[in-house]
2 protein chains.
Amino acid sequence: MQSSHEQFRELAWKCGLAATHQRQVIYEAVVAMPGHYSPESIFAEVRRRTPSISLATVYKNLRLFVAHGLLREVSPHASTLLVEGNLEPHHHLVCTRCKAVQDIEGDFINYKKLSRHAPRGFDLTQPLVEVFGLCRRCSAKK
Amino acid sequence: MQSSHEQFRELAWKCGLAATHQRQVIYEAVVAMPGHYSPESIFAEVRRRTPSISLATVYKNLRLFVAHGLLREVSPHASTLLVEGNLEPHHHLVCTRCKAVQDIEGDFINYKKLSRHAPRGFDLTQPLVEVFGLCRRCSAKK
DNA sequence: TTGTTAGATGAGAATGATTATAATCCAAGA
DNA sequence: TCTTGGATTATAATCATTCTCATCTAACAA
């Protein structure tokens, strides 16, 4: 069984990226636990092990990892960046009011109907979906 | 048949809002044509008729109209605001690369399955969905 | 019609997340 | 070990949006 370090070195090598210490700790911070993480929270976490790291480096590498498919961007057009390490296809539930995001399982999309209504040439190879509603807390407030 | 002005005055009155000239022209700019509009584009449009109007007023009133259900926010957690006058329930297709948004018709969501997988208390009374893919232009570039 | 006032507007400053810049640094192949 | 192109850091810059507050006006009452 490979060490976590060796696993990352191999991933980086496949993507043609230098396996720097900073990239290592950023990647591991996201992948260590399931969940959705902001650049700031990753920065705070990573800083404990590598105090000299810069916030710009965190941003740059999160974008890079997402571009290479090592991480997933929680919402591809959200106002603030969130990343997750879970690469299994799954959808998200978003609260319209507080913008909280959570995973939602289940096969509730009819892909055949969906692609029938999509315009010509629109690539829905692996459609990801965001469902908007009101989370429990916000619908209680009302 | 009511004039457009009278229609707006009545809507404003129902919401308890003063029917100012600025609100009138902002509302009409969005509702006049189907489509998705940014605050800047509405500002540019509205300025032609009302040169003294302020961008802040446009933002403030778009948010207000959305809060009162007179307009719809295209994507409730997008990085930049877009509004539309079409209040008929419909979903959106978003390009992951260029973030372009277009309407998509069709009943491709299985609401029963969806609510079965949603957490307790999550309000999905009228779930709106955003589907991510690659628009034709972006998937051609690849 | 006029007076009163709560709410609305306008101009510009402030905010906050993200990206750009440029000097320094280091991973990786020779 | 040496070389070099890519990586990192600190900070400035950006940009959409919101805030502030002085001024103004729509709406109701007299």
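We name chains A, B, ... by the order of the sequence lines, and we start the count at 1 in each one. Basis for what follows: all heavy atoms, side chains included, without hydrogens, waters or symmetry-related copies.
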So, is [X] near the phosphate of [N], with a side-chain N or O under 4.0 Å from OP1 or OP2?
X: A:Arg9; N: C:dA28; answer: yes
X: B:Thr57; N: C:dG10; answer: yes
X: A:Gln22; N: D:dT9; answer: yes
X: A:Arg23; N: C:dC26; answer: no
X: B:Arg63; N: D:dT18; answer: yes
X: B:Tyr59; N: D:dT17; answer: yes

Atom [atom1] of [X] and atom [atom2] of [N]: how far apart are they, to the nearest Å?
X: B:Leu55; N: D:dC19; atom1: CG; atom2: C1'; result: 13 Å
X: A:Trp13; N: C:dA28; atom1: CH2; atom2: C1'; result: 13 Å
X: B:Ile42; N: D:dT17; atom1: CD1; atom2: P; result: 11 Å
X: A:Phe43; N: D:dA10; atom1: CZ; atom2: P; result: 8 Å
X: A:Leu64; N: D:dG6; atom1: CG; atom2: P; result: 13 Å
X: B:Leu17; N: D:dC28; atom1: CG; atom2: C1'; result: 16 Å
X: B:Leu81; N: D:dC15; atom1: CG; atom2: P; result: 18 Å
X: B:Gln24; N: C:dT9; atom1: CD; atom2: P; result: 12 Å

Review point. Hey, quick one: are A:Tyr111 and A:Leu124 part of the same hydrophobic cluster, counting side-chain heavy atoms closer than 4.5 Å, chains of contacts allowed?
Key: yes
Point to revise | hydrophobic_cluster_shared for A:Leu128 and A:Val74, side chain cutoff 4.5 Å | key: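 Not linked; separate clusters.
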Practice item. Side chain of A:Ala19 only, please: which of D:dA16, C:dG10, C:dA28 is the nearest? Key: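 For the A:Ala19 side chain, the nearest candidate turns out to be C:dA28.
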**Study point:** B:Ile53 side-chain proximity, nearest of D:dT8, C:dG10, C:dT18
**Key:**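 Closest nucleotide among those given: C:dG10.
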Check your understanding: So, for B:His91 and A:His117, is the gap between ring centers shorter than 6.0 Å?
Key ->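 Between A:His117 and B:His91, which both carry aromatic rings, the centre distance is not below 6.0 Å.
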**Study point:** Sugar-phosphate, base or nothing in reach of B:Thr80, heavy atoms under 4.0 Å
**Key:**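 Sugar-phosphate only.
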Check your understanding: What nucleic acid atoms does B:Ala18 come within less than 4.0 Å of, heavy atoms only: base, sugar-phosphate, or nothing?
Key ->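 Sugar-phosphate, no base atom in range.
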Check your understanding: Quick one: on DNA chain D, does B:Thr20 or B:Ser79 contact a more 5' nucleotide (nearest heavy atom)?
Key ->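 Of the two residues, B:Ser79 wins.
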Point to revise | side chain to side chain donor-acceptor pair (under 3.5 Å) between B:Arg49 and B:His21, intermediate numbers included | key: CA-CA 11 Å; B:Arg49 304 219 278 122; B:His21 174 69; 5.7 Å; no
Check your understanding: Once the angle between the rings of B:Tyr27 and B:Phe8 is folded into 0 to 90°, is it parallel (under 30°), tilted (30 to 60°) or perpendicular (over 60°)?
Key -> tilted
Check your understanding: Does any donor-acceptor pair link the side chain of A:Lys60 with the base of D:dT9 at a separation under 3.5 Å?
Key ->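 Looking at the base of D:dT9, it does pair with a donor or acceptor on the side chain of A:Lys60 (distance under 3.5 Å).
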